[in-house]
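Take a look at the structure below.
Because the structure is a prediction, the values reported are computed rather than measured. Quick note: numbers below take in every heavy atom, side chains included, and nothing from hydrogens, waters or symmetry partners.
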Amino acid sequence: GLTLSGGGSVQLIGSNSRLYGANSAVTLTNTNNKIHGYGQLGANQLLFNNQSNVAADVSGQTLTVDASATITNTGLFKAENGATLTLQNSTFENQTGGSIQSAASSKVFISGLTLNSGHLTGTGTFRNTAGSAYSNLRIDSGTTLDIDNNTSATLTGTLNNGGQIHLNTAGNFTNLIAGSGGSRLTGGGEIHLTTGIHNRIYGLNGTTTLTNTNNTIRGYGQLGVNQLKFVNQGTVTADTNGGILTIDTSSGLTNSGLLK
């Protein structure tokens, strides 16, 4: 493997610029360098331990991060200056201090990722572009995670959602799924079923529990799909003119909040 130290930078200039390992078991540890630009980091042939900064920072260009197995992050992954950061096909372990940021006019695409802990922050775009899983994640106030048409986002543990999650169907099923062991919504944020009846919130199976502590679930679409146990302590509101929000649980609905 290789360890980067010394406080310098590694710049990728070009979509065919690649930083990867001699084989898929090689580890690159970034202690304090800035890895930035556009191209490919990992190329599905690298284990990556980031303790510093990784930035997609060239306007209109994409930095793709694709490890062979695990990315361990105690630093910062960031899209800025109108660039796109794509995180794909890896297990992304955010440990203490680890975060992913999307600055204004920039984009972070999440595709086939298992994202554990840490937080999403920034006023740019976060998009779930292919089926991904999120465990014990925090979404900061002012930050929005878009679930793209015909994709699924699976939640486990506690989602501390101080921002917004938008389900954006364009005619295909677009899903927010409570995964194994169930999921709890905290943080006082919002889940918005935005664009049609094919937006769905449901469970991995009929006994999976989704507990809404203090979020607002709103819009129109389907909540439950006859495959969810739902505990509502927050607010659920059908608030789209002409739209219908259907609640259909399999193992009961316990409500100490507001259904409206």
Side-chain angles (χ1 to χ4, degrees), residues 1-129 132 134 137-140 142-145 163:
L2 175 67
T3 297
L4 299 176
S5 62
S9 67
V10 178
Q11 186 173 9
L12 286 74
I13 306 173
S15 57
N16 290 316
S17 297
R18 302 193 299 173
L19 177 57
Y20 64 98
N23 59 60
S24 60
V26 170
T27 299
L28 173 64
T29 300
N30 178 27
T31 304
N32 59 11
N33 275 220
K34 180 177 183 179
I35 301 173
H36 68 111
Y38 67 108
Q40 304 170 54
L41 172 56
N44 196 32
Q45 192 168 305
L46 185 72
L47 303 177
F48 186 43
N49 181 351
N50 181 55
Q51 302 164 13
S52 188
N53 295 322
V54 176
D57 59 1
V58 178
S59 179
Q61 301 296 332
T62 300
L63 175 61
T64 299
V65 181
D66 180 12
S68 51
T70 301
I71 299 165
T72 303
N73 181 45
T74 55
L76 174 66
F77 282 75
K78 184 178 183 179
E80 58 186 346
N81 301 331
T84 298
L85 174 65
T86 296
L87 306 174
Q88 66 182 32
N89 303 332
S90 309
T91 297
F92 197 107
E93 296 282 352
N94 271 312
Q95 297 181 356
T96 302
S99 65
I100 304 169
Q101 182 176 355
S102 183
S105 303
S106 304
K107 302 171 184 177
V108 175
F109 292 169
I110 299 170
S111 176
L113 201 71
T114 298
L115 181 55
N116 296 325
S117 301
H119 71 288
L120 306 182
T121 187
T123 58
T125 298
F126 286 93
R127 285 175 52 191
N128 184 97
T129 60
S132 295
Y134 304 84
L137 185 69
R138 188 178 94 220
I139 300 175
D140 285 352
T143 299
T144 299
L145 172 62

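- Here the side chains of Ile100 and Phe92 are in contact, with some heavy-atom distance below 4.5 Å.
- Using a 4.5 Å heavy-atom cutoff, the side chains of Asn32 and Ser5 are in contact.
- Using a 4.5 Å heavy-atom threshold, the side chains of Phe126 and Ile139 count as separate.
- Glu93 pairs in a side-chain hydrogen bond (donor to acceptor under 3.5 Å, both in side chains) with only one of the listed residues (Asn49, Asn116, Thr74, Thr72), which is Asn116.
- Taking 4.5 Å as the limit, some side-chain heavy atom of Leu115 sits within range of a side-chain heavy atom of Tyr134.
- Between Gln40 and Ser15, the shortest heavy-atom distance links the atoms NE2-O, 3.3 Å.
- Between the Ser132 side chain and the Gly112 main chain, a donor and an acceptor come within less than 3.5 Å of each other.
- Although no hydrogens or angles enter the test, the distance criterion places no donor-acceptor pair under 3.5 Å between the side chain of Thr3 and the main chain of Thr29.
- In this structure, the side chain of Asn33 does not engage the main chain of Ile35 through any donor-acceptor pair within 3.5 Å.
- Annotation for Val108 and Ala79: closest pair CG2-CB, 3.9 Å, computed over non-hydrogen atoms.
- Atoms CG and CZ, on Leu63 and Phe77 in that order, are 8.5 Å from each other to the nearest 0.5 Å.
- In Tyr20, the OH atom is not crowded: 12 or fewer heavy atoms of neighbouring residues, nucleotides or ligands sit closer than 6.0 Å.
- When all heavy atoms are compared, the tightest approach of Ala56 to Ala83 is O-CB, 3.3 Å.
- For the side-chain hydrogen bond (donor to acceptor under 3.5 Å, both in side chains) criterion with Asn30, the lone passing option out of Asn73, Asn50, Asn53 is Asn50.
- Expressed to the nearest 0.5 Å, how far OG1 of Thr144 lies from CZ of Arg127 amounts to 13.5 Å.
- In terms of heavy-atom proximity, Leu85 sits nearest to Lys78 at CD2-N, 3.8 Å.
- A donor-acceptor pair under 3.5 Å links the side-chain atoms of Thr31 to the main chain of Leu4, judged by distance alone.
- Under the 3.5 Å distance criterion, the side-chain polar atoms of Ser90 are matched with a main-chain donor or acceptor of Gln88.
- In this structure, Leu47 and Ser68 have side chains that are in contact, with non-hydrogen atoms separated by less than 4.5 Å.
- Atom-to-atom distance recorded for Thr64:OG1 and Arg18:CZ is 12.0 Å, nearest 0.5 angstrom.
- Using a 4.5 Å cut-off on side-chain heavy atoms (C-beta onward), Leu137 and Leu120 make contact.
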Inset, instruction - Under the side-chain contact (heavy atoms from CB on, under 4.5 Å) rule, what do Leu113 and Asn128 come out as? Steps first, then yes or no, please. - result: CA-CA 9 Å; Leu113 201 71; Asn128 184 97; over 6 Å; no
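- Smallest separation of non-hydrogen atoms from Gln45 and Ala22: NE2-O, 3.1 Å.
- When all heavy atoms of Ile13 and Ser17 are compared, the closest pair comes out as O-OG, 3.0 Å.
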Inset, instruction - Decide side-chain contact (heavy atoms from CB on, under 4.5 Å) for Ile71 and Leu87; before the verdict, give the C-alpha distance in whole Å, the side-chain angles of both, and the deciding distance to 0.1 Å. - result: CA-CA 10 Å; Ile71 299 165; Leu87 306 174; 5.6 Å; no
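- Asp57 has its side chain within reach of Lys34: a pair of non-hydrogen atoms, C-beta onward, lies under 4.5 Å apart.
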